[in-house]
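Notes follow the structure.
Quantities reported herein were computed from a predicted structural model and do not represent experimental measurements. Protein chains get the first letters and strands the later ones, always in sequence-line order, with residue 1 at the start of each.
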Amino acid sequence: MTQVRVRFAPSPTGFLHIGGVRTALFNWLYARRHHGTFVLRIEDTDQSRSTDQSIQAILEGMNWVGLDWDEGPFRQTDRMDLYRDHAMKLFNMGRAYWCVCKPEELEARRKEAEAKGLSPRYDGRCRNLGITNPPGEAALRFRAPQEGHTVVDDLIKGKVVFDNNVLDDLIILRSNGYPTYNFSVVVDDALMGITHVVRGDDHLTNTPRQVPIFEALGFPIPRFGHLPMILGSDKARLSKRHGATSIMAYKEMGYLPEAMVNYLVRLGWSYGDQELFTREELIEKFSWDHVQKSAAVFNPDKLLWMNAEYIKTSPPQRIVRELIPLLVRAGLEEDVRSVSEEWLAQLVVLVRERTKTLTDMVTWVTPYFGWDVSFDKDAAKKNLTAAIAPVLAKL
RNA sequence: GUCCCCAUCGUCUAGCCUGGCCUAGGACGCCGGCCUUUCAAGCCGGCAACACGGGUUCGAAUCCCGUUGGGGACACCA
């Protein structure tokens with residue numbers, strides 16, 4: 001078998017979403033499992049929505065959960081020549097044509113079709129115009145096959161058959177010269193030698209649109225895998241109104257990255273009855289055939305439980321490292337400086353079984369700081385009751 | 001509207017491919033008990049599901065068809 005090459009290709013239009021993290025995680029696990037390569041690619045061809053700040057957020061999030069990439073981050077906007085060259089190649093071989101329809105006209109026609117209960121597809125009116133030198137602004141469309149069918153043998157869903165007559169002649173180059181997603185993704189996945197394209201479920205119907213482009217360009221077709229979506233408690237796609245969806249928001253709330261990873265991987269993947277996995281175990285045990293086909297509801301309670309498990313079982317030194325910045329932020333910088341890490345570690349052991357998040361832990365730990373610095377475990381245990389009572393009262 | 005995907009406890013899931021071991025297992029949450037001077041943790045126990053309808057079969061959660069329900073896609077967004 002050839003070397004596994006997978007990628008995570010987010011668009012930088014906001015913070016890093018936990019759904020994105022899960023997609024990245026599955027790709028990362030597969031790469032690590034097979035000693036393959038994990039590529040990070042930033043899909044920033046939408047000029048109006050992409051921001052550098054979002055790119056930073058993506059990198060920050062990936063770093064926090066420990067998903068390291070072997071190549072990249074590549075930015076599609078650095079690769080514009082590649083897309084234009086390949087688009088023109090398609091044009092020159094007659095597989096693409098110039099479309100001079102105005103965006104507003106297309107929009108109007110789409111609405112009209114929808115109103116009539118028809119498919120809101122492009123009607124192909126520029127398809128056979130044979131425009132070679134478009135006057136002013138024009139977009140380049142791919143001449144999609146109209147007959148036959150495209151079969152996607154999905155790693156997760158199995159064989160899925162699409163009739164080519166539902167295919168649209170989609171725009172591959174916008175009139176501003178930027179490539180569209182369905183085109184740049186094909187060029188990049190091919191040129192980057194991606195062997196397995198694993199992405200969200202919402203891309204499944206994009207696949208039969210992309211496969212003919214691979215074919216037309218003479219590229220080998222990668223394997224595809226489509227991961228089920230994450231839903232909110234009302235079974236609607238997970239969004240802000242269900243609570244925090246940014247991965248970094250969970251850091252802020254006092255979650256451990258290993259707990260996030262463990263929870264997210266179990267959301268849609270299983271290994272018998274096992275709930276808790278070390279990173280090494282995940283790499284060793286991960287495979288597509290235990291990935292669920294159906295969408296999963298995000299359950300904050302279970303995540304909280306899992307975080308508590310990690311807090312209870314992680315080496316106290318590890319917890320201390322994560323805790324210190326939070327203590328500093330809580331205004332306890334002086335106090336933290338006056339005690340040893342060892343002292344803090346003992347304190348962590350003392351309170352950890354009653355805390356579910358690091359933020360909880362800050363609350364529990366705070367009253368101890370007024371005490372004698374020569375911390376004695378046994379003495380503290382005897383005095384635990386006294387320490388807890390006032391904290392309880394405040395809660 | 002058209003196309004595609006999905007369907008086991010409230011939720012995450014095991015089992016389904018290779019029908020009988022399933023009076024359907026585990027986990028979260030919930031309820032009760034034990035432990036504890038109180039809380040938490042821990043331990044023990046309980047509630048709770050094969051969406052529905054037809055087939056196939058000696059036998060179906062497991063295979064087939066249909067229905068219903070949920071989700072996704074149909075942009076000069078990704």
Audit row: A/Y263, A/F298, ring pair (Phe, Tyr, Trp, His ring centres under 6.0 Å) steps and yes/no: CA-CA 9 Å; A/Y263 177 72; A/F298 182 81; 5.5 Å; yes
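- For the pair A/K356 and B/A40, the criterion of a side-chain N or O lying under 4.0 Å from OP1 or OP2 is not met.
- Look at CG on A/N307: it is 14 Å from C1' on B/C28, rounded to the nearest Å.
- Here A/W288 and A/Y30 bring their ring centres to under 6.0 angstrom of each other.
- Across all strands, A/T45 comes closer than 4.0 Å only to sugar-phosphate atoms, never to a base (heavy-atom distances).
- Residue contacts for A/K116: at a heavy-atom cut-off of 4.0 Å it reaches no nucleic acid atom on any strand shown.
- Here A/E309 lies in heavy-atom contact (under 4.0 Å) with sugar-phosphate atoms only.
- Contacts of A/N165 classified as side-chain contact (heavy atoms from CB on, under 4.5 Å), with partners at least two apart in sequence or in another chain: A/D163.
- For A/K251, there are no side chain to side chain donor-acceptor pair (under 3.5 Å) partners, not counting sequence neighbours.
- One P atom belongs to B/U68, the other to B/G26, and the distance between them is 36 Å to the nearest Å.
- A salt bridge (Lys or Arg N to Asp or Glu O under 4.0 Å) with A/D189 is found for one member of A/R223, A/R7, A/R5, A/R199 and no other, namely A/R7.
- Backbone-only engagement by A/S11 is indicated by non-hydrogen atom pairs under 4.0 Å involving sugar-phosphate atoms exclusively.
- At a cut-off of 3.5 angstrom, the base of B/C76 holds at least one donor-acceptor pair with the side chain of A/S175.
- Whole-Å rounding puts the A/R237 CZ to B/G70 P distance at 18 Å.
- Taking the charged nitrogens against the carboxylate oxygens, A/E252 and A/R329 do have a contact shorter than 4.0 Å, which makes a salt bridge.
- Look at CG on A/N206: it is 14 Å from P on B/G72, rounded to the nearest Å.
- One P atom belongs to B/G15, the other to B/A78, and the distance between them is 39 Å to the nearest Å.
- Under the 6.0 Å distance and 45° angle rule, A/R279 counts as a cation-pi partner of A/W28.
- Applying a 4.0 Å cut-off to non-hydrogen atoms, none of the residues of residues 64-97 of chain A approaches RNA chain B.
- Counting to the nearest Å, the P atom of B/A78 and the CG atom of A/D202 are 14 Å from each other.
- A close approach under 4.0 Å does not occur between any side-chain nitrogen or oxygen of A/R352 and OP1 or OP2 of B/A41.
- Note on A/C99: nothing from the nucleic acid sits closer than 4.0 angstrom, heavy atoms only.
- When the C1' atom of B/C76 is taken as reference, atom CG of A/L106 falls 8 Å away, rounded to whole Å.
- In this entry the distance linking CG of A/L204 with P of B/C4 reads 10 Å, nearest Å.
- Distance check on atom C1': B/C64 versus B/C28 gives 36 Å, rounded to whole Å.
- The cationic group of A/R141 lies under 6.0 Å from the six-membered ring centre of A/Y122 and within 45° of the ring axis, placing it in a cation-pi geometry.
- In this structure A/E353 satisfies the side-chain contact (heavy atoms from CB on, under 4.5 Å) test together with A/K312, sequence neighbours excluded.
- If you take CG of A/D301 and P of B/C31, they are 12 Å apart, rounded to a whole angstrom.
- If you take CG of A/L167 and P of B/A75, they are 12 Å apart, rounded to a whole angstrom.
- A/R110 has no side-chain polar atom (N or O) that falls below the 4.0 Å cut-off from OP1 or OP2 of B/G1.
- In this structure, the side chain of A/T355 engages the main chain of A/R352 through a donor-acceptor pair within 3.5 Å.
- A/R209 comes within 4.0 angstrom of the backbone, heavy atoms only, and of no base.
- Residue contacts for A/H203: at a heavy-atom cut-off of 4.0 Å it reaches a base atom on one of the strands shown.
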Nucleic acid footprint by protein, nucleotides 7-19 of chain B - heavy-atom cut-off 4.0 Å, B for base, S for sugar-phosphate alone: S---BBSSS----
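- For residues 89-99 of chain A, the side chain to side chain donor-acceptor pair (under 3.5 Å) pairs, not counting sequence neighbours, are A/Y97-A/D169.
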